[in-house]
J.: 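Encoded as structure tokens, here's the structure I'll be asking about.
FYI, side chains are in, hydrogens and waters are out, and symmetry mates aren't considered; it's all heavy atoms of this structure. Since we're looking at a predicted model, the values are computed, not measured.
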Protein chains: 2
Amino acid sequence: MSVETKDQILDAAERLFAVHGIDSVSLRTITQEAGVNLAAVNYHFGSKEALVTEVFARRVGQVNRERLRLLSEYEARVGAGPMEVEEVLRAFLAPAIYLSQDPERGGMVMQLCGRVYTESKEYMDGVFDELFREIIERFGAAFQRALPELPFREIFWRAHFAIGAMVHTMRDSNKLVRLSKGLCDPSDAESVIERMVQFTAAGMRAPLLPQFAEPQPAAVEAGVSS
Amino acid sequence: MSVETKDQILDAAERLFAVHGIDSVSLRTITQEAGVNLAAVNYHFGSKEALVTEVFARRVGQVNRERLRLLSEYEARVGAGPMEVEEVLRAFLAPAIYLSQDPERGGMVMQLCGRVYTESKEYMDGVFDELFREIIERFGAAFQRALPELPFREIFWRAHFAIGAMVHTMRDSNKLVRLSKGLCDPSDAESVIERMVQFTAAGMRAPLLPQFAEPQPAAVEAGVSS
DNA sequence: GTCTATAGGGGGATAGAC
DNA sequence: GTCTATCCCCCTATAGAC
């Protein structure tokens, strides 16, 4: 059936991209790994670029839906009360890291998701923006609510740093193990998530440096001077 | 002169790798950009892999020497006194970020250095380890001294997260500008460094979660029970 | 939908003249 | 040290039979 072939190609491509990177993997290798014919890629996807985009969109879409589900769940739980930045971060970070425990994929997905961010091509910018539009809106608002005193620009910067910590861990766990001579073990997703939440939450809460404070609104200054 | 040709190739390769990535850039493109003959690459470097390794080693070596210089300077300044984690982080982060102000390279180096970490190939593992051996030793000790209550494993994890924030910023400043719709401006290296030091220092100082505490050494337990 | 065969281009590396 | 010319490989994409 056609759906099977398409999925076999997607699965094989995902596996190979995760290990070797995008540019290094040829359609020949993918179709061989998938056990399908070379021409099937162009029949089902049209081009290698389109295949790459679908591989990434499939997994990122899945992760982002789970992120939004967790955030909605937390929003329902706190109601109108205050938000904890740890919980917002956990909703964002856990779905990506947690996939590494998927027994069917043996830790490959973590690397794959890391590559989504670091190797995304220009031709994917449109898809990428669309996949993250709602994420940015919803999580931006949640961070703003958890850290009301922080200018939005600083929230964006700090979220960017947090994403960097996440992506780097997803991509380069091999390097971490090697450089730490085995001291750090990234194979236990839950403890990775806890460490990451702890680190990034502290970073998000860091005091605001005066040079990055918002300029005072005119109304406030007027009130002081009058 | 031969040195000129070699450097022209290195410069052109660095510039092209920074923009397009390693696998996407051919030797033909590099030699064309450098204004030298195609065969010159194999004459001077032996292979594309060797060229790639030299491009990266040249820049990383330069950054790492500056890191060690700044750390030594700070160590001399504090003498036997306590160390501030901010200063250790600044010595590590600033040299990489600061290069983006190099007027001769117009911000390309930030991307290039980002790729050094995220696209380093297996064949570079040996060179990579050698380039970072002294960095890990010296900065590991400095962090341990600044955060004496933290188990070394946690220092390693947190430094890994900090490196992730750095690398992500170096590589993907375009995406940050685009997704933030211009709100975040990574072109001012000094304010990027300050934000990054602030974020990562807070993360490094985060309280130790009980499940990650070191098991008590036997001598201490013996002392308590006796 | 799936295959074979091939077009058509670009890649890294090298031999050998200068 | 530098060039030209070329070998031989692998790539994506597609035409056309089944």
J.: Around B/Q32, counting heavy atoms of other residues, nucleotides and ligands shown, do more than 12 lie under 6.0 Å from its CD?
T.: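 Incorrect, the count does not exceed 12.
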J.: Starting at atom CZ of A/F45, determine the distance to atom P of C/dG1, rounded to an integer number of angstrom.
T.: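 Value for this atom pair: 13 Å.
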J.: Can you tell me if A/T5 touches the phosphate of C/dT2, counting only side-chain N or O atoms and a distance under 4.0 Å to OP1 or OP2?
T.: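 True: A/T5 side-chain N/O within range (under 4.0 Å) of C/dT2 OP1/OP2.
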J.: What's the CG-P distance between A/D23 and C/dG11, to the nearest Å?
T.: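 These atoms are roughly 13 Å apart.
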J.: Just the table, please: protein N/O against nucleotides 12-18 of chain C N/O, every pair under 3.5 Å.
T.:
unit_1 : atom_1 : unit_2 : atom_2 : d
C/dG12 : OP1    : B/L27  : N      : 3.3
C/dG12 : OP1    : B/K48  : NZ     : 3.3
C/dG12 : OP2    : B/L27  : N      : 2.8
C/dG12 : N7     : B/R28  : NH1    : 2.8
C/dG12 : O6     : B/R28  : NH2    : 3.1
C/dA13 : OP2    : B/K48  : N      : 3.0

J.: Applying ring-ring contact (aromatic ring centres under 6.0 Å, His included), can you list everything that pairs with A/F128, at least two apart in sequence or on another chain?
T.: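 Applying ring-ring contact (aromatic ring centres under 6.0 Å, His included) to A/F128 gives A/F132.
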J.: Separation of B/L51 atom CG from C/dG11 atom P, in whole Å?
T.: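 Distance check: B/L51 CG to C/dG11 P gives 15 Å.
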J.: Side chain to side chain contact (heavy atoms under 4.5 Å, CB included) with A/A12: which residues, sequence neighbours excluded?
T.: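 A/A12 satisfies side chain to side chain contact (heavy atoms under 4.5 Å, CB included) with A/R15, A/I30, A/E33, A/A34 only.
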J.: Among pairs that include at least one residue of residues 191-202 of chain B, which meet salt bridge (charged side-chain N to carboxylate O under 4.0 Å, His left out), considering only residues two or more places apart or in two chains?
T.: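 Sorted pair list: A/E154-B/R195, B/R90-B/E194.
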J.: Rounded to the nearest angstrom, tell me the gap between atom CD1 in A/I30 and atom C1' in D/dC10.
T.: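 After rounding, the gap between these two atoms is 14 Å.
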J.: Please report the distance, rounded to the nearest Å, between NZ in A/K6 and P in C/dG1.
T.: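 So the two atoms are 10 Å apart, to the nearest Å.
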J.: What is the distance, to the nearest angstrom, from the CD1 atom on A/I9 to the C1' atom on C/dT2?
T.: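 A/I9 atom CD1 is separated from C/dT2 atom C1' by 11 Å.
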J.: Enumerate the residue pairs fulfilling ring-ring contact (aromatic ring centres under 6.0 Å, His included) with a member in residues 162-184 of chain A, sequence neighbours excluded, ordered by first and then second residue.
T.: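 Listed by first then second residue: A/H168-B/H160.
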J.: Please list, chain by chain and in numerical order, all residues satisfying side chain to side chain contact (heavy atoms under 4.5 Å, CB included) with B/E134, sequence neighbours excluded.
T.: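 Only B/L68, B/R138 meet the side chain to side chain contact (heavy atoms under 4.5 Å, CB included) criterion with B/E134.
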J.: I want to check one thing: is the phosphate of D/dT4, taken as OP1 and OP2, less than 4.0 Å away from some side-chain N or O of B/N37?
T.: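 So the side-chain polar atoms of B/N37 do come within 4.0 Å of the phosphate oxygens OP1 or OP2 of D/dT4, strictly under.
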